[in-house]
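Quantities reported herein were computed from a predicted structural model and do not represent experimental measurements. What's counted below: heavy atoms across the whole structure, side chains too, no hydrogens, waters or symmetry copies.
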Amino acid sequence: MNRCTLPLMAAALLAGTSLAALAQSWPSKPITYIVPFTAGGTTDVVGRTVAQHLSAAVGQPVVVENRPGAAGAVGATAAAKAKADGYTLMGGTISTHAINAGLYKNLPYDPVKDFDPITLVGFIPNALYVNAQLPVNSVADLIALLKKDPDARTFASSGSGTSTHLAGELLADIIGVPLTHVAYKGSPQAFQDVAGGQVAFMFDQLTAGLGLVKAGKLKLLAVTSAKRSPLVPDTPTMMEAGVKDFEMVSWQAVYAPRGIPQDIRSRLHAEITKGLKSQDAKDRLEKGISMEIVASSPEELTALMQREIPRWTALIKKSGASAE
């Protein structure tokens, strides 16, 4: 045996021993769960639900840390740079792990190379809302108005690079009408201005706008999923309403920094997916935010990203959408 290979073998053995010891003792301290959006939003609700069940399962606190900014890029960058020891997790979304790859020219993290997928939590349908005073009662009416009246060609979103932003860009692309995007720092202000008539319409999470519909300030025209929502069974999908190929659902997932020990990754997957199948999680997520819980394998989450990244990158390039 070459003398030069002995130190290398020893280092490799030591590294393997250290990883094994880490996996056996994990968790021995609190776990940080980064939510890359503001408190109270969908990703925060999902994160706190996951954190509560994971904490109960592993016997350590799981501390939710909100790190909003740049369509989730601020929090995702922090998670990507964290130590890969199983003590940092993040709530990833269609924005952080699909849309941002095409939206930012200099994204400070790689959504594929910098993370280990844990599980796809689930899908959430968005919905098309318009100002209640707008003279439209269907998606066809809205499209006709947009084609006829340039002053109506404005849509709001909860921020550049979010699924609500790209939904508007997708509509513009399909109907062939340029639309002006008005970005807000979160959904509440966007809803307020659409309800107030400053902006014509918006896409957002289905449950987020139902209160304003009941109050008579908004009209709900369609959902963006492939199937109707049981929450509003009389509301058509965008495709049923005549907008061919319009299907877009937000998704929520859990990731860890790339390189965590496999034993820890497997334990995280097992405990998180178990928690997602509990009645408490179903009450919070299915009933609370109209989520279709999936609790997938890491491989299924990877496959989803491989489909989503090129899809949204192509739309972003075609539409000229940018966050910079």
Side-chain angles (χ1 to χ4, degrees), residues 27 30-68 72 75 79 88-97 117-127 158 162-164 186-188 191 203-214 220 223-225 227-233 235 248-256 267-298 300-301 304:
I31 298 167
T32 297
Y33 189 106
I34 295 176
V35 171
F37 297 97
T38 55
T42 301
T43 309
D44 186 65
V45 171
V46 172
R48 293 181 189 278
T49 301
V50 170
Q52 179 179 319
H53 286 276
L54 181 59
S55 176
V58 302
Q60 286 287 347
V62 179
V63 181
V64 174
E65 182 179 308
N66 294 91
R67 299 284 295 273
T88 300
L89 301 172
M90 80 160 287
T93 70
I94 186 176
S95 295
T96 61
H97 282 75
I118 304 299
T119 187
L120 169 65
V121 176
F123 296 107
I124 301 174
N126 285 332
S158 56
T162 59
S163 64
T164 61
S187 296
F191 271 116
F203 290 90
D204 208 287
Q205 178 194 323
L206 173 59
T207 55
L210 293 181
L212 289 169
V213 173
K214 292 178 180 178
L220 169 62
V223 294
T224 64
S225 48
K227 298 179 181 179
R228 294 192 182 200
S229 169
L231 198 62
V232 285
T235 301
M248 183 181 197
V249 289
S250 299
W251 46 266
Q252 299 278 335
V254 181
Y255 295 88
R267 176 97 186 273
L268 282 167
H269 175 265
E271 301 296 0
I272 291 173
T273 54
K274 180 181 178 182
L276 289 172
K277 295 173 184 177
S278 69
Q279 188 58 50
D280 175 71
K282 291 179 180 179
D283 289 342
R284 292 192 193 188
L285 304 181
E286 290 182 347
K287 296 180 181 179
I289 57 175
S290 194
M291 171 179 275
E292 176 191 346
I293 297 175
V294 178
S296 78
S297 68
E300 289 169 323
L301 176 53
L304 173 66

Next item on the list: Would you please name every residue forming a side-chain hydrogen bond (donor to acceptor under 3.5 Å, both in side chains) with Q52, sequence neighbours left out?
Entry: R284
Notebook entry, point to check: Quick one: does S187's side chain get under 4.5 Å of Q205's, heavy atoms only?
Noted result: no
Notebook entry, point to check: Taking all atoms of both residues into account, what is the closest heavy-atom pair of P30 and Q60, and its distance?
Noted result: N-OE1, 3.7 Å
Next item on the list: Output all residues satisfying side-chain hydrogen bond (donor to acceptor under 3.5 Å, both in side chains) with E292, sequence neighbours left out; order by chain, then residue number.
Entry: none
Item checked: For A57 against E271, the heavy-atom pair lying closest together -> CB-OE1, 3.4 Å
Margin query: If the test is side-chain contact (heavy atoms from CB on, under 4.5 Å), which one of L54, V50, T32 qualifies with V62?
Written below: L54
Checklist line | Atom pair CG/OG1 of L276 and T49 - distance to nearest 0.5 Å | finding: 8.5 Å
Checklist line | Euclidean distance, T164 OG1 relative to M248 CE, rounded to 0.5 Å | finding: 8.0 Å
Next item on the list: Applying side-chain contact (heavy atoms from CB on, under 4.5 Å), name anything that partners V249, two or more places apart in sequence or on another chain.
Entry: F123, S225
Item checked: Sidechain-backbone polar pair: T96 side chain, G92 backbone, donor-acceptor under 3.5 Å -> no
Check: So how far is it from H97 NE2 to I94 CD1, rounded to the nearest 0.5 Å?
Finding: 12.5 Å
Checklist line | Student check: side-chain heavy atoms of I289 and V46 closer than 4.5 Å | finding: yes
Next item on the list: Can you see which heavy atom on P233 is nearest to which on P230, and at what distance?
Entry: CD-O, 3.4 Å
Check: Who passes side-chain contact (heavy atoms from CB on, under 4.5 Å) against S290, sequence neighbours left out?
Finding: P125, L206, T207, S229, L231
Check: Closest heavy-atom contact between L301 and Y255?
Finding: CD1-OH, 3.5 Å
Margin query: For R48, give me all partners under side-chain contact (heavy atoms from CB on, under 4.5 Å), at least two apart in sequence or on another chain.
Written below: D44, V64, N66
Next item on the list: Name all residues meeting the side-chain hydrogen bond (donor to acceptor under 3.5 Å, both in side chains) criterion together with E65; count only those two or more places apart in sequence or in a different chain, and write none if there are none.
Entry: R67
Check: How far apart are the closest heavy atoms of G47 and V35, and which atoms are they?
Finding: CA-CG2, 4.4 Å
Item checked: Identified side chain to side chain donor-acceptor pair (under 3.5 Å) partner of Q252 from the options T42, T93, T43 -> T43
Item checked: Counterpart residues, side-chain hydrogen bond (donor to acceptor under 3.5 Å, both in side chains), relative to S250 (two or more places apart) -> N126, S163
Next item on the list: Quick one: pull up CD1 in I293 and NZ in K277 and give me the separation to the nearest 0.5 Å.
Entry: 10.5 Å
Next item on the list: Mind checking the OG1-CZ spacing from T235 to R228? Nearest 0.5 Å is all I need.
Entry: 7.5 Å
Item checked: With F191 via ring-ring contact (aromatic ring centres under 6.0 Å, His included) - residues at least two apart -> Y129
Margin query: I'd like to check the side-chain contact (heavy atoms from CB on, under 4.5 Å) partners of D283; sequence neighbours left out, ordered by chain and number.
Written below: Q279, K287
Notebook entry, point to check: Could you give the distance from CZ (F37) to OG (S95), rounded to the nearest 0.5 Å?
Noted result: 4.5 Å
Notebook entry, point to check: Within the side chain of T119, is there an N or O that forms a donor-acceptor pair under 3.5 Å with the backbone of S296?
Noted result: yes
